[in-house]
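Each residue takes its place number in the sequence, starting with 1. No experiment lies behind these values; they were computed from the predicted model shown.
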Amino acid sequence: MATIRSPVVAPAFVEGMASKGQQLQSMKFRSSDVFGGRALQDRSRMLHKGKLVVMVEEEDVEKKRCKQQARASMGPADKLPANHKVKAASLKAFEELRNASANRYTSAKSSIMVLGLSVHSTPVEMREKLAVPEAEWPRAIAELSGQNHIEEAAVLSTCNRMEIYVVALSWNRGVREVTEWMSKTSGIPVHELREHLFILRDRDATQHLFRVSAGLDSLVLGEGQILAQVKQVLKVGQGTVGFGRNLTGLFKQAITAGKRVRSETSISAGAVSVSSAAVELAVMKLAENSLPRVNVLIVGAGKMSKLLVKHLISKGCTRMVIVNRSEQRVLDLQSEFPDAKIIYHGLPEMIHRTGEADVIFTSTASDVPLFFKENVAKLPPASLAAGGTRHFIDISVPRNVGACITELPSTMLYNVDDLKEVVAANKEERRRKALEAQVIIDDELQSFEAWRDSLETVPTIKKLRAYAERIRALELEKAMGKMGEELTTKQRKAIDELSRGIVNKLLHGPMQHLRSDGTDPEAVGETLQNMYALERMFDLASEVIMVEAKMRSNRQ
């Protein structure tokens with residue numbers, strides 16, 4: 001059994017008591033709401049005058065003594081920033097931090113957590129630094145699951161979000177290890193990450209993924225591309241060490257939730273994608289009815305570009321140029337959209353073709369910008385149909401267009417964050433559809449939790465078998481000793497098989513009552529009650545201690 005080393009973590013603490021009847025609803029929070037801003041590096045947890053204040057202390061080991069003295073002289077109010085706010089999801093997440101510090105591994109099952117950045121709270125400049133290409137997901141999973149307190153890991157990285165899902169032995173240490181990994185990978189200091197990072201745990205984390213899969217957390221409500229991306233996480237993960245049983249079950253249930261929401265509600269009716277929102281943005285920025293008359297260039301020919309073509313045609317734009325590394329994908333688009341005039345040019349002609357275009361959509365997997373101020377400055381002005389202004393609409397993350405081009409006259413640049421302008425309308429309609437979908441998500445959430453609860457009995461089954469086997473082996477050894485050396489090999493084998501048969505017959509009933517497929521929450525509840533009863537009846541906790549002590553002595 002591998003030895004798990006723990007980094008030094010200062011214990012969190014709670015002072016005071018919450019007012020009776022205080023109701024807290026679960027919701028997502030940013031870590032800056034919990035950890036404080038850049039000026040506040042101490043993190044501790046207090047209940048002061050009926051208001052929850054969550055701050056988790058992070059100590060520099062070399063200055064630990066000085067900080068302890070400083071904290072001893074400070075009251076709780078001295079540590080509280082005036083504008084400090086705590087969102088409700090943090091309550092459950094940080095409630096156990098105090099207890100976890102006293103015991104490295106509590107008796108509770110491992111936690112499912114998500115740490116991430118989304119389009120709702122994080123600028124694209126930071127998201128692109130953290131973006132992990134799909135080809136790098138296996139490497140990221142291996143690195144994360146190789147951390148001391150992380151059992152399983154998954155990466156969901158899209159143009160609108162970067163989220164890390166993990167199953168952690170110790171959730172507070174897991175948070176630290178994931179945050180440090182994100183900082184190391186991106187080059188962004190931890191204190192800057194905290195300004196935008198959100199952290200959710202167990203039920204909150206599960207519900208978040210289900211909402212993401214259903215399109216409820218997307219910039220464009222109900223968009224279908226995110227479900228395909230969640231499916232891809234599962235597909236890649238299933239062939240990767242470190243993407244284990246818990247996350248496999250989680251992502252499968254999330255996909256089921258996403259499918260049900262789209263088939264059983266009206267959330268997909270009129271839903272748009274990031275690509276269609278980009279086309280709508282172009283329509284908003286150009287003169288009325290001018291889109292069919294401007295020159296359109298698309299850089300890249302992937303899935304996003306295909307959707308761009310589709311929505312441009314729906315807006316009356318039937319002529320466009322596509323620049324791509326290879327021609328085959330463009331030929332496929334020409335076959336799929338025969339009524340449109342789609343012209344192909346190779347990547348070396350990109351700058352030249354940009355000079356002929358008024359609206360340029362960029363959607364490639366390049367991890368470096370394709371357009372800079374120096375090469376755009378040399379281009380001729382845009383046509384009169386576009387008012388002499390050239391529009392770059394960059395829906396790639398990392399970005400394909402350098403922000404410096406905005407310094408040029410008659411040049412406009414928009415990225416995925418600017419699409420919020422398109423989707424800001426119809427907020428009430430979005431809220432109504434989200435409420436419909438939430439009923440389904442709650443149902444799928446209950447099913448997943450029942451399935452995961454059913455897994456709790458597996459260790460008990462193993463412990464009970466080990467307990468019975470230990471007694472069987474001891475009693476068999478005693479009996480064989482009394483019979484002497486006169487027994488033949490055949491007789492010894494028969495006696496051994498007899499003892500095994502008796503044990504298996506006796507265990508059959510208890511084992512049946514410890515098994516559940518997780519589909520029926522009531523049955524799962526009964527199974528867990530049986531598990532607790534057997535744990536007490538046979539003192540299986542002591543059995544584990546005995547087995548571990550024996551293993552240590554054998555190693556020595």
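Closest approach of Leu169 and Ser110 over heavy atoms only: CD2-OG, 3.9 Å. In plain terms, the two heavy atoms of Val503 and Ala468 that are nearest each other are CG1-CB, 3.8 Å. In terms of heavy atoms, Ile441 sits closest to Leu216 at CD1-CD1, 3.3 Å.
Of the N and O atoms on the side chains of Thr122 and Arg127, not one donor lies less than 3.5 Å from an acceptor on the other residue. Asn400 and Thr364 form a side-chain donor-acceptor contact under 3.5 Å, judged by distance and modelled atom types alone.
A 4.5 Å side-chain heavy-atom check between Ser275 and Ile395 finds at least one atom pair inside the cut-off. Considering only heavy atoms from C-beta on, Ile112 comes within 4.5 Å of Leu250 through its side chain. In this structure, Glu436 and Val261 have side chains that are not in contact, with every pair of non-hydrogen atoms separated by 4.5 Å or more. Between Leu130 and Met126, the closest side-chain pair of non-hydrogen atoms falls below 4.5 Å. Side chains of Ile164 and Trp181 form a contact here, defined as non-hydrogen atoms less than 4.5 Å apart. Counting heavy atoms from C-beta outward, Gln438 and Gln207 have side chains that approach closer than 4.5 Å.
With sequence neighbours excluded, the residues forming a side chain to side chain contact (heavy atoms under 4.5 Å, CB included) with Ser183 are Val190, Leu193, listed by chain and number. Annotation: side chain to side chain contact (heavy atoms under 4.5 Å, CB included) contacts of Val236 (sequence neighbours excluded): Glu134, Trp137, Pro138, Gln232, Thr240. Partners of Arg139 under the side-chain hydrogen bond (donor to acceptor under 3.5 Å, both in side chains) rule, at least two apart in sequence or in another chain, are Glu136, Glu143.
Using cut-offs of 30° and 60° on the angle between ring planes, the pair Phe243 and Phe251 is tilted.
The closest donor-acceptor contact from the side chain of Ser213 to the backbone of Leu209 lies at 3.5 Å or more, if one exists at all. A distance-only check finds a donor-acceptor pair linking the side chain of Arg161 to the backbone of Asp217 [under 3.5 Å].
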Practice problem: For salt bridge (charged side-chain N to carboxylate O under 4.0 Å, His left out), just list the numbers for Glu152 and Arg245, CA-CA rounded to whole Å, side-chain angles, deciding distance to a tenth of an Å, and then say yes or no. | Solution: CA-CA 8 Å; Glu152 304 177 29; Arg245 176 173 56 181; over 6 Å; no
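The number of heavy-atom neighbours closer than 6.0 Å to CZ of Arg260, taken from other residues, nucleotides and ligands shown, is above 12.
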